[in-house]
Every structure is written in structure tokens, then in C-alpha cells.
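Heavy atoms only: backbone and side chains are in, while hydrogens, waters and symmetry mates are out. Ligands are counted one by one from 1 in listed order, and the atoms in each one are counted from 1 as well.
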Amino acid sequence: MSFRNSSAPSQHPLIGVDVGGTTLKFGLVSPDCQILHQFAIPTEAERGADAVLARIAEGINRLIDEQNGLIAAVGLGVPGVINQRGEISYPPNFPGWGVVPVAERLRPLLKQPLPIAVENDANVAAFAEAQAPGATDRDFLFITLGTGVGGCIISNGSIWRGATGGAGEIGHLSVVMNGHLCNCGARGCVEAYLGQRYMTALAAAQLPRFPESLLHAMLAEGNALEPKLINAAAEAGDRFAADFLEEMGEILGAALASALNLLDLHLVIVGGGIAQAERHLLEPARRSLRARLIQSISHDIQLRPARFQNNAGIIGAAMLATTAGAA
Ligand SMILES: [Zn+2]
């Protein structure tokens with residue numbers, strides 16, 4: 001059910017929290033999806049679960065104070081799998097967390113009782129695409145290209161969670177049999193090619209063979225080698241960078257074709273740091289995807305960048321909060 005048609009408990013603003021491994025982003029969001037105010041503080045993940053939860057509560061309490069307590073609900077997007085009991089299990093970027101019931105542990109730290117929704121961060125970003133006012137797409141695959149490669153299946157406007165809440169991990173679809181080793185322990189995963197760290201390492205390994213590449217000068221100017229810089233070089237006409245991204249796009253398209261063929265989905269929405277690399281990454285991905293689709297679903301396939309970029313985590317979390325508030 002869409003929250004827009006549900007009986008929200010109030011017209012008070014919502015709080016959306018984007019819990020990242022290095023930064024906690026807080027936003028005060030109006031019921032019609034506008035960010036009214038936002039700020040960020042360091043996560044300090046190395047200090048452990050209690051310290052991170054205290055910092056999350058600190059940020060939420062700051063917004064509660066600023067609003068004189070007039071808040072409808074809180075939503076959090078967290079980088080890990082959330083099970084049916086609302087627990088996050090062994091989030092990879094949060095050392096020593098184990099299994100943590102986030103909402104239950106957060107509740108006593110807040111200045112006032114509020115409904116709390118907790119969801120995986122890729123699911124949160126996908127939810128923003130599915131449920132923002134004006135959104136019309138009800139069935140799609142969402143993929144986010146960042147430090148890791150996350151994903152979410154949206155079915156009839158809702159997050160499809162699978163048996164234990166872990167569905168949508170498109171980053172760990174296998175694209176190269178016995179390929180590069182992935183952080184998850186398997187070989188040849190999409191993430192082992194398109195995850196930021198892996199993509200950067202692959203480019204760094206190949207770059208010395210291309211002394212004419214513009215990237216050498218860009219790195220000498222103090223830029224860090226990362227997917228965005230590779231795209232900037234490709235946009236400036238660099239052959240190596242363009243060929244490299246085209247290969248990444250082909251791998252991405254192959255993974256997406258497997259997913260679309262399996263799920264009979266016709267739309268892919270791409271979020272994350274390099275989702276705007278239209279010419280050098282998304283277009284090759286589109287070609288690769290179309291070439292691999294079975295005929296019955298190949299006629300109306302779309303692949304497009306996400307509508308919400310940097311603020312997807314805050315907006316999606318706030319919209320999830322509304323569902324918690326209406327529950
Ligand atoms: Zn993997």
C-alpha cells in the first residue's frame with residue numbers, strides 16, 4: 001500500500017537517517033518528500049555498536065529539539081541485511097556488531113517515543129524511487145553502484161525481501177566463472193568488477209600499459225583514481241578510460257540480463273556514484289543487456305539513472321518512516 005493513500009498519524013515532518021560506514025546523514029523531510037533541513041556527522045564505526053547507536057540518537061534528538069517534538073516517525077537505512085525481526089546481522093563495515101536489533105536499542109535513547117523503521121540501504125534508495133510523489137514505476141530492479149554493489153527488487157511498489165530479508169543482492173551474481181575474488185568469498189561476482197574499490201584496482205593494474213592516457217596527468221594533479229575520475233577522463237576523450245568503462249558496462253549488462261530474464265522485469269534503475277556515466281557506462285550496459293535478453297521480454301526494456309542521487313538515503317528512509325508511523 002502506498003503511504004500517500006494511507007492515514008498518516010500526522011502531518012508533522014519525518015526524520016530520515018542514512019547510516020553509512022563513515023558518515024551518518026540526518027534529514028528532516030516533509031510528508032511530501034522535501035528535505036527541510038539536513039546535516040551529517042562522522043559515524044566513528046570503529047568505536048562499536050553502542051557508540052554508533054548513541055551518535056544516531058544524538059542526531060535524531062537534535063532534530064526532535066529543533067522541531068519542539070513535532071515529529072511523525074523515524075526511518076533508518078543501514079548497510080546490511082535486516083531480518084524479519086528487524087535485526088541487522090554482521091554488517092561488513094561495522095566491526096564487532098554481530099546481530100543488533102537497531103530499533104529496539106535506539107528507542108530508549110530517544111527523547112520521545114517515535115515509530116522507527118529500519119531497512120537495508122539499497123532497499124531504502126529503491127523505495128524512494130518507487131514511492132516518491134509522482135513515481136509511476138511499480139515493478140523494477142534497482143542497482144546501486146558504490147563501495148559495494150547493492151540491489152533491490154521492487155514488486156508492485158513494495159520491496160521484495162525473499163525468505164529471510166536478503167533478496168536483491170545483485171552485486172553477488174556471478175558474471176565470470178572463476179573470476180576475481182569478491183569480498184563475500186565467492187569468485188567472479190559483479191561487485192568484484194564494479195564495486196568502487198575493485199574497479200579502481202582493475203584500472204590501476206591496466207593503466208601502466210597505456211602511457212598516453214590522460215589519467216596519468218590527472219593523477220599527477222593530485223586526483224584520486226576512482227570511477228568518477230575514469231569517467232571524467234573518458235568524457236575528455238581518453239581512449240583507455242572509455243574502453244575500460246565500456247568493458248565494465250558490458251559486465252553490468254550481462255548481470256542485469258540474468259536478473260531480468262529470471263524475474264520478468266522490464267526496468268532497471270541505477271543509483272550510486274557513477275550512475276550519471278550515461279555515455280561510457282550505461283549505454284554499453286544497455287547494449288550488453290539487450291543482446292542477452294530472451295525475446296519474450298526484450299521489446300520494452302529500459303535502463304535509467306535514479307531520480308534521487310545523494311539524498312536517496314535520507315528521502316527513502318523518511319518515506320519508510322511514514323509506513324512505520326501508519327502501522
Ligand atoms: Zn560476492
Side-chain angles (χ1 to χ4, degrees), residues 19-22 45 77-83 87-99 119-126 140-154 159-206 225-227 230 244-263 265 268-275 277 281-282 284-285 288-289 292 303 306 313:
V19 179
T22 52
V78 295
V81 172
I82 303 293
N83 65 23
E87 299 163 333
I88 187 168
S89 307
Y90 299 92
N93 299 318
F94 291 78
W97 272 49
V99 177
E119 187 53 85
N120 164 270
D121 54 2
N123 288 359
V124 159
F140 59 87
L141 177 69
F142 181 82
I143 179 168
T144 175
L145 304 172
T147 310
V149 175
C152 176
I153 299 157
I154 294 286
I159 297 164
W160 193 81
R161 290 188 169 77
T164 61
E169 288 288 352
I170 190 165
H172 303 286
L173 281 192
S174 204
V175 275
V176 183
M177 187 73 86
N178 300 319
H180 295 302
L181 186 63
C182 177
N183 196 29
C184 74
R187 284 193 175 275
C189 296
V190 178
E191 184 166 308
Y193 295 83
L194 280 119
Q196 180 162 335
R197 184 163 57 91
Y198 298 96
M199 202 198 286
T200 301
L202 287 171
Q206 294 179 21
L225 187 61
E226 57 179 6
I230 301 170
F244 178 82
L245 285 178
E246 183 170 341
E247 191 189 341
M248 292 295 118
E250 281 173 11
I251 291 171
L252 176 60
L256 294 174
S258 298
L260 266 52
N261 283 336
L262 180 70
L263 298 167
L265 291 173
V268 181
I269 299 181
V270 188
I274 49 167
L281 186 76
L282 298 195
S288 165
L289 166 62
R292 291 173 168 85
L303 182 154

Please give me the minimum heavy-atom distance between Val81 and Gly165, naming the atom from each residue.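 The pair with the smallest heavy-atom distance is CG1-O, 3.9 Å.
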Compare every heavy atom of Leu245 with every heavy atom of Leu281, then report the nearest pair and how far apart it is.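 Looks like CD1-O, 3.6 Å.
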Mind checking what makes side-chain hydrogen bond (donor to acceptor under 3.5 Å, both in side chains) contact with Asn261, not counting sequence neighbours?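 Partners of Asn261 under the side-chain hydrogen bond (donor to acceptor under 3.5 Å, both in side chains) test: none.
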Distance filter under 2.8 Å, centred on the Zn ion (ligand 1) - protein N, O or S atoms that pass it: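 The answer is His172 ND1, Cys182 SG, Cys184 SG, Cys189 SG.
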With sequence neighbours excluded, give me every salt bridge (charged side-chain N to carboxylate O under 4.0 Å, His left out) pair touching residues 160-181.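 Output for this query lists Glu119-Arg161.
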Tell me, do Phe94 and Pro79 make a side-chain contact under 4.5 Å, heavy atoms counted?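 Touching, per the 4.5 Å side-chain cut-off.
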Give the table of side-chain donor-acceptor pairs shorter than 3.5 Å for residues 192-204, with sequence neighbours excluded, one pair per line with atom names and distance.
| unit_1 | atom_1 | unit_2 | atom_2 | d |
| --- | --- | --- | --- | --- |
| Tyr193 | OH | His180 | N | 3.0 |
| Tyr198 | OH | Asn183 | N | 2.7 |
| Thr200 | OG1 | Gln196 | O | 2.7 |

